[in-house]
Amino acid sequence: MQPAAAAAKPPGRTSQVSCYSLVVDYVYYKRTHDSIPMLFVSDSVSSIMGLFLCFVGLSHKTDEVSQNHNLEQPLLNSSVSRGEAESTYENASFFSLLTFSWMNSVIAKGNKKALDLEDVPQLASIDSVRRVYPVLLNKVESLRNEDNQITSFGLTKALLYIVWKEFVITGLLALVSSLCSFVGPYLIEEFVQYLNGQKDYKNQGFVLVAAFLVSNIVGCFTRRHWFFKLQQAGIRAWTAIVAMIYQKGLIISGQSKKGNSSGEIINYIAVDAQRIGDYAWYMHDFWLVLVQVGVALWLLYKNLGLAVIASLIATIIVLLANLPLGNIQEKLQDDLMKSKDKRMKSTSEILRNMRILKLQGWEMKFLSKIIKLRDEEEGALKKYTYTLSMTSFIFWGAPIVVAVATFATCLFVGIPLESGKVISALATFKILQEPIYNLPDLISVFFQTKVSLGRIATYLRLNDIDPCAVNKVTHGSSEVAVEIINGNFSWDSNASSNQTLKDVNVRVNHGMRVAVCGIIGSGKSSLLSCILGEVSKISGSVKVEGSKAYVAQSPWIQSGKIEDNILFGREMDRERYEKVLEACALNKDLEILSFGDQTVIGERGINLSGGQKQRIQIARALYQDADIYLFDDPFSAVDAHTGSHLFNECMLNFLDSKTVIYITHQVEFLHAADLIFVLRDGRITQAGKYDDILNYGGDFMDLVSAHKEALSAIDAMGAVDQEQRGTSKKYTNNGQNGKPYDSPGSKAQLVQEEEREKGRVGFSVYWKYITMTYGGALALLILLAVILFQILQIGSNYWMAWASPASANDPAPVTRSTLIIVYVALAAGCAICVLARGLFIATIAYKTATILFHRMHLAIFRSPMSFFDSTPSGRILNRASTDQSEVDLQIPYQVASFVFAIIQLFGIIAVMSQCAWQVIIIFIPVAGMCIWLQQYYLPSAREMARLVGVCKGPVIQNFAETISGSLTIRSFDQQARFQDLNLKLNDDFARPKFHAAAAIEWLKIRLDMLSSFTFAVFLIFLISIPKGSIDPSIAGLAVTYGFTLNTLQGLVVWTLTNLENKIISVERIFQYSSIPSEPPLVIESNRPNDQWPSQGEVDIHRLQVRYAPHMPLVLRGLMCTFNGGKKTGIVGRTGSGKSTLIQTLFRLVEPTAGQILIDGINIATIGLHDLRSRLSIIPQDPTMFEGTIRSNLDPLEEYTDDQIWEALDKCQLGDEVRSKVEKLDSPVIENGENWSVGQRQLVCLGRVLLKKTKVLVLDEATASVDTATDGMIQQTLGKHFTDSTVIMIAHRITSVLDSDMVLVLEQGLIDEYDSPTKLLEDNSSSFAKLVAEYSMRSSSSYENLAAI
C-alpha cells in the first residue's frame, strides 16, 4: 500500500500549491481591482488539473484497495458461484452509492480487457428475478376481476407493487430535481440587475453564485439517482413479466396454443415485455409536466404579470392537442404490432422448417411471403414515423408559440419588457421545452405500453391445462396404474359435439404392458394425451397412479450436451446411465461422435439422425425411473435391427416391472403386450390379448392381414434361415476409398458460442448506415436543418435580450412592434427547420430499415443449411425481432438526437465564450477531462451493451424450445426446473443491463461535477469583472444557457453512449447480411435443358462429405450408380450416413471430395434451383405449414384445383378433406398440429404426386404410418413412378424388398450393393441378417397368421 500512497502525494501537493496561489491571485485582484492577470488564469488551470490528478489517484487507489479486499474474501461458503463477482451494489457504502463509485472495479476491468459475463457482478437480491417473480405472480393472482380473469389494469397494479419503493423514491427525486431547475430562472433577473450595478446586500454576487452552484449540484445528484432508479425498476419489471410469460407457456392448453404461435409468444418477450420495462423512464412524466408547467407559469406571473394568462392558454391548447394525436398513434402502434406479430409468426415457422424448404426449392417463395408481410408492416411503420414527425413539429414549435403569445400579450397590454424579466422568461421557456418536447414521446410510449400490457394480459388469460383433468395418485395406493371411465375428450373444449375420443374405458394395472394400434388418424396419440391430461375432458374420469415418463412421436431434443438430454435434470448415476445407453444402443453412436456424450446437439437435434434423436428420447425416459411409461410410436424412426434391440432391451428387459403403454404401427411388437387396444374414429373398437382379438376379426384383423402381405414378400424371395452365424461378408464397391484420416485438431462442436464483435463499433458501421438511403444526401439536409435551427433559436433569444431595455427607465433600442415581428420571424424559421428535420428523419428511418431488412433476410434465406444447423433460431429471431425494432423506431432518432445535442452544446459554448472569451481557458482542460472520462468509460459500456444483446438470445431460444417441448416437460413434471433455468437466464440478461445503466450514471455524475465547476468559474468571472465591461443582458443570456450546460453535456454523452449501444443492432444485422451464401440458384451459362433428367441415372463417384470443416467425415468415399428408372433401397444402421447421402444429392451439404452425376451432369456445376426443382422428396419429418391444404400441397401455385384433388385421392386423403366444410381451404395450424403425423406424411406424398419428377427420394417416408398405409403408399408410388428413379431409405425391410437394388451403408462406407435376391442368397450378408432379424421379430405373429 505504501508505494501507492507515495505515488498519490505529488498531485496532491501540486493541487494544494495551485489552490493557494489561486486564492492569493483573487485577494490581490479584490484589493487592486486591476484587470485579471494571466497568473490567475494559469493558477485556475493548474488547480483544475491538480484536482483531476487527485481524483485519478484516489480512483486508482480505491481500485487497488477493492482488489486487495477481494483477495481477502473466504474461498469457501461463498454465496456466489465460482468465477462470478458478488454484487458490488448490495455491499456499497452510502458515499459509494451516492457517487456510483461501486462501479469503479467493473469500469476499470473493462479498460483492461473485453468484459465477459463472469466479469459483471451479480444483481442485488432485491433485483433478482428469483425474488421478484413470486411477488408479482401472487399479486396478479390476487387482482383477478370478478370473472377470475387477469386484466391489463390488474397487471399494471401488480407491476407497480413490485417497484413501489423505487416509484416513491424516484418521485421525490424527480420533484427536487425539477424544482432545482427553476432556481436559475427565479434568480436570473436579480443576477442581471446585480451586473447592472444594483446591489441589495453585501456579497450579493457570491450568494447568487452559491445559490446557482448548490441548486446545480443538488439537481445533478437527484437527477442521476432518479434516472438510475427508474432503469432499475424497469429491468426488474421486465425480468418478472418475462418469467410470468414463460410460466404461462409451460401450462397453456393445446387449444389455446393453436391461436398463439411460438413466433407471436416470442414477440411478447422480445418486444412487449421490453416496452413495459422501458416505460419506467416515463413513470412520473405526466404529473411532472403539471408541476413544471405550474411552477413555470408562477415564475412568468412573477415577471410578466397578467401576460401569464396567454402563456396558460397557449400551454393548455398544446396539451389538449395531445388527445387526437395520441389516439392516432395508439391505432398506428397497434397496427404496427399486429403486422410485426404476423411476420414473426411466419418467420419462426419458416426457420424451423428451412430444411424442407431448401429440399423442395421453395425458400425464395417463402422469402417473398415474408417480404409481403414486411410490406404490410412497412406501411404501418411509414405512417407511424410521419405521424411522429408531425407530432414532433407541433411540440418543438409549442414553446415558441407560448413565448410569442406571452411577449405579444405584453406588447398589447403594455407590460414593460425589461431585459432581466425577458431573460428570466426565456430561461423559463427553455425549461418548459423539456416536458413539452417529451410529450410526443410520452404519449407515444404510453399508448405503446398500454397496447403491450393489453396483449400480455390477453395471453395470460388464455386457458391452461386443466389440473383436474387427471386424478394423480401416489404410487402404491392400489393395483390400478391408469384408469379411464366413460371418458369423452376433445382438443377443442368449446366444441363438445366434435369429440376426439368417445366412450373411452381403460383399466391398466401396475406392471402391465399395453399396446395401442389403429390406422392413422384414429386417435392413438390423443389417448396418450388424455392420460397426460393434455386433452380437454368433456366427461368421465381419469386416474393415474405414480410418476410418468413420455416419449413423443416427433422427437423433442434440447440444445445442449447429449448427457444433459438423457439425465434431464437428475443426478448422474453412472451405473444406471451406462445400462440405459446399452439398452438404447447408443454406445456405438457415441463412439462415432467426436465428443461422445459431451457432444453439443444443435437446435432440435439438428446434427443427429432421426433414429439417434428417437433413441436419446427413449434413454431420457428410461433414466427417469418412472412408474408409468408412455411411448408414442417409438420404433418408427429406427431401423429393423435397432427396433428389435430397443423392444427387447427396453420394453421386455429394462422396463420389465414397469407399466408401459406404447403405440406402434409394427404388428410384430404387439404379441408381447398383455393388453391391446385397437382404435378407430376416436373409439376403442377392440381390446384384449393378441390371440383373443385376432380371432374376433374386425379392425385388428385388417392390420394383421396387411402385415401378413408385407411378410409374404420375404417368403416369395426365399427368406433365409433365421438362425444366422458367422461374420458379415462385405460387398463393397472396388473403387471405394477407405476411411480417410481425421486429425484430432479438426474436431469441434457444431454449435458454437454466438459471435460478438469486440472493441469500438467501427466508423464504417455508422457511415454505411447513414449513407444507405440516397447516398447520405438526406443526412446532410438534416444536419443543415439542425444547424439552422440552432442559429435561429440563439438568434431569437439574443434579439430579445439585446432589444429589451435593462430597466423601465432606459430607452429601448427598437420599437416594441419591431421587437415582436423580428422574434416571430426567427421563431417561424425555427419551426420550419423542425418540420424539415422531422420529415427527413422519418424518410431515412423507414427506408433504411427496409433496406437492412431485405438484405439480412435475403442473406439468411440464401445461406447454406450448415448455417441453420449450427445457429439456434433464437439468434436469428432476436435479429429479426429486437434488432429490427431498434432499426425501425430507435436508431434514426438516436442519431438525430446525438447530432442535435452536439450542435446545441457548441451553441452554448459559443454564447458563453462570446460573453467572456476567457472561459475558453477553463473549457479546454475540462473538455479534456470529459473526453478522458468518456474514453475510460466507453469500453466497459460497449461490451456490456453487447453482452445484453448476446444474453437476450438464450432467453428467447430457451423460451422457443420450451414452447415446442412443453408436452414432454409437463409429462416428466419438470416445469419447476425449466422455470428455474429461465430465471437464471433472465438474471444473466439483467446483470449487464443493470450495470450498463449504472455505468452511464457513473460517468454523468462526474461530467456534471466538472460542468458545475466550469459554470461556477464562469459566474465568479462575471461578478468579478468591473461594471460596464460586458452588457448585463448578454451576460444574463449566457448564464441562462449555462444553466443547461450540465444537462446538455450529460445529454451528449448519453446520446453518444446510447447510440453506440443501439448501433450494435445495426452491426448485428450487418453481420447476418454478410453470411456466406449457397452457390447460385441459377447459373445461366450452364442450365440443364427442360427434359433433364430424362433417364434419372445417378452416378456417385468417390463421395466424401462432412458437415463442417471442423467435423469428422460422415460419408467416406462412396462409389456406386443408381440406374435410371430403377428403385434402389438404402438400408443401414441408424447414423450410418443414409440421410447425409440424400442431403448431398440435394446439395444441402456440399461434397468435401468426389462428385454426383445425374444423367452425366455434375450436379455441382448447375444452379441449386435447377437441381432441386427437378428432384422430389418425401422427407423423414413430415412438415406442414400454417395456411390451407391447398397452400401446403401447392405453395408455388402451379397447379389447378382438379390436379390437387386428383393428388389427394391418390394419397387417400381426398375423402378426409371433402368431409371438411372448407374443402381445399381447410385450415392448417402451425406445424400442422391439427393433422396427425401420418396424415402429414400423406400430404408430403401428395406434393410429389403433383410434382412428378424423374428422380424421387423417400427418406424414411413411411415411418409414421401403419403397415396398411405403408403398403398403399408403395402401391401408389409403384403405379405413378414406374419410369422414375426411386431412391428409398426405409427402416421397414418389407418396403425395400421389391427394390431393384439394395445399398447397405455402415459408418459412412458401402457395406453391400446388389439386388435383394442376390444379397439374400448369401446367408452371411448384412442385408440377409437384417431380413432375418425382421422375420425373427415377427415369428410370434407368423404362427398366428398361419392359423388364419
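Residue indices begin at 1 and follow the sequence shown. It should be emphasised that the depicted structure is a prediction, and the values quoted were computed from it without experimental measurement.
For the atom pair CE of M865 and CG of L359, the computed distance is 8.0 Å after rounding to the nearest 0.5 Å. Considering CD of Q1104 and CZ of R1116, their distance stands at 10.0 Å, rounded to 0.5 Å. Separating the CG atom in L1213 from the CZ atom in R1240 is a distance of 12.5 Å, to the nearest 0.5 Å. Note: M1119 CE to Y1313 OH = 12.5 Å, rounded to the nearest 0.5 Å.
D1215 meets the salt bridge (Lys or Arg N to Asp or Glu O under 4.0 Å) test with R1218; sequence neighbours excluded. Considering only residues two or more places apart in sequence or on other chains, E1097 meets the salt bridge (Lys or Arg N to Asp or Glu O under 4.0 Å) condition with none of them. In terms of the ring pair (Phe, Tyr, Trp, His ring centres under 6.0 Å) criterion, F1281 has no residue partners (sequence neighbours excluded). Scanning for ring pair (Phe, Tyr, Trp, His ring centres under 6.0 Å) contacts around F867 gives Y1072, with sequence neighbours left out. With sequence neighbours left out, R1147 forms a salt bridge (Lys or Arg N to Asp or Glu O under 4.0 Å) with E1150. With sequence neighbours excluded, no residue forms a ring pair (Phe, Tyr, Trp, His ring centres under 6.0 Å) with F1122. Residues that satisfy the ring pair (Phe, Tyr, Trp, His ring centres under 6.0 Å) test with H1101, not counting sequence neighbours, are absent from this structure. For R1190, the side-chain hydrogen bond (donor to acceptor under 3.5 Å, both in side chains) test picks out D1201, D1225, with sequence neighbours left out. With sequence neighbours left out, S1191 forms a side-chain hydrogen bond (donor to acceptor under 3.5 Å, both in side chains) with T1188. Applying the side-chain hydrogen bond (donor to acceptor under 3.5 Å, both in side chains) rule to D1194 yields no partners; only residues at least two apart in sequence or on another chain are considered.
Applying the ring-ring contact (aromatic ring centres under 6.0 Å, His included) test to every pair with at least one member in residues 1139-1176, sequence neighbours left out, gives no pairs at all. Among residues at least two apart or in separate chains, salt bridge (charged side-chain N to carboxylate O under 4.0 Å, His left out) pairs with a member in residues 1241-1254 are K1254-D1283.
With contacts defined as side-chain heavy-atom distances shorter than 4.5 Å, the pair R1087/V1082 qualifies. The shortest distance between side-chain heavy atoms of V1149 and T1140 does not fall below 4.5 Å. Within the 4.5 Å cutoff, side-chain heavy atoms of L1250 are placed close to those of I1204. Between L1141 and L1115 the shortest side-chain heavy-atom distance falls below 4.5 Å. Side-chain contact check for T1285 versus L1256: every heavy-atom pair is 4.5 Å or farther apart.
Side-chain atoms of E1312 do not come within 3.5 Å of backbone N or O of L1303 as any donor-acceptor pair. Of the possible polar contacts, one joining the D1300 side chain to the K1127 backbone as a donor-acceptor pair under 3.5 Å is found. In this structure a side-chain-to-backbone donor-acceptor pair under 3.5 Å is missing from N1123 to K1126. With hydrogens and angles disregarded, a donor-acceptor distance shorter than 3.5 Å links the side chain of S1226 to the backbone of K1223. The closest donor-acceptor contact from the side chain of R1174 to the backbone of W1092 lies under 3.5 Å. Not one N or O on the side chain of T664 forms a donor-acceptor pair closer than 3.5 Å with the backbone of D633. The main-chain N or O of I370 is never found under 3.5 Å from a side-chain atom of S346 such that the two would form a donor-acceptor pair. Without hydrogens or angle criteria, S1284 side chain to G1125 main chain gives no donor-acceptor distance under 3.5 Å. Judged purely by atom type and a 3.5 angstrom limit, S863 has no side-chain atom pairing as donor or acceptor with the backbone of I1075. A donor-acceptor pair under 3.5 Å is formed between the side chain of T1200 and the backbone N or O of Q1203.
Among all heavy-atom pairs drawn from P864 and P1076, the shortest one is CD-O, 3.0 Å. Contact between G1096 and D1159 at its shortest, heavy atoms only, is N-OD1, 3.0 Å.
Here the two rings, on F366 and F861, have centers that are 6.0 Å apart or farther.
With respect to the salt-bridge test (charged N to carboxylate O, under 4.0 angstrom), the residues E363 and R1172 qualify.
With M1301 as the partner, the side-chain contact (heavy atoms from CB on, under 4.5 Å) test is satisfied by one option alone out of I1287, T1128, T1121: T1128. A side-chain contact (heavy atoms from CB on, under 4.5 Å) with L1171 holds for exactly one of I1161, I1158, I1156, L1081; it is I1158. With M1184 as the fixed residue, the side-chain contact (heavy atoms from CB on, under 4.5 Å) test singles out one of N353, N1192, I356, L1193: N1192.
Side-chain contact, Q1155 with R1102: no donor N or O sits under 3.5 Å from an acceptor N or O.
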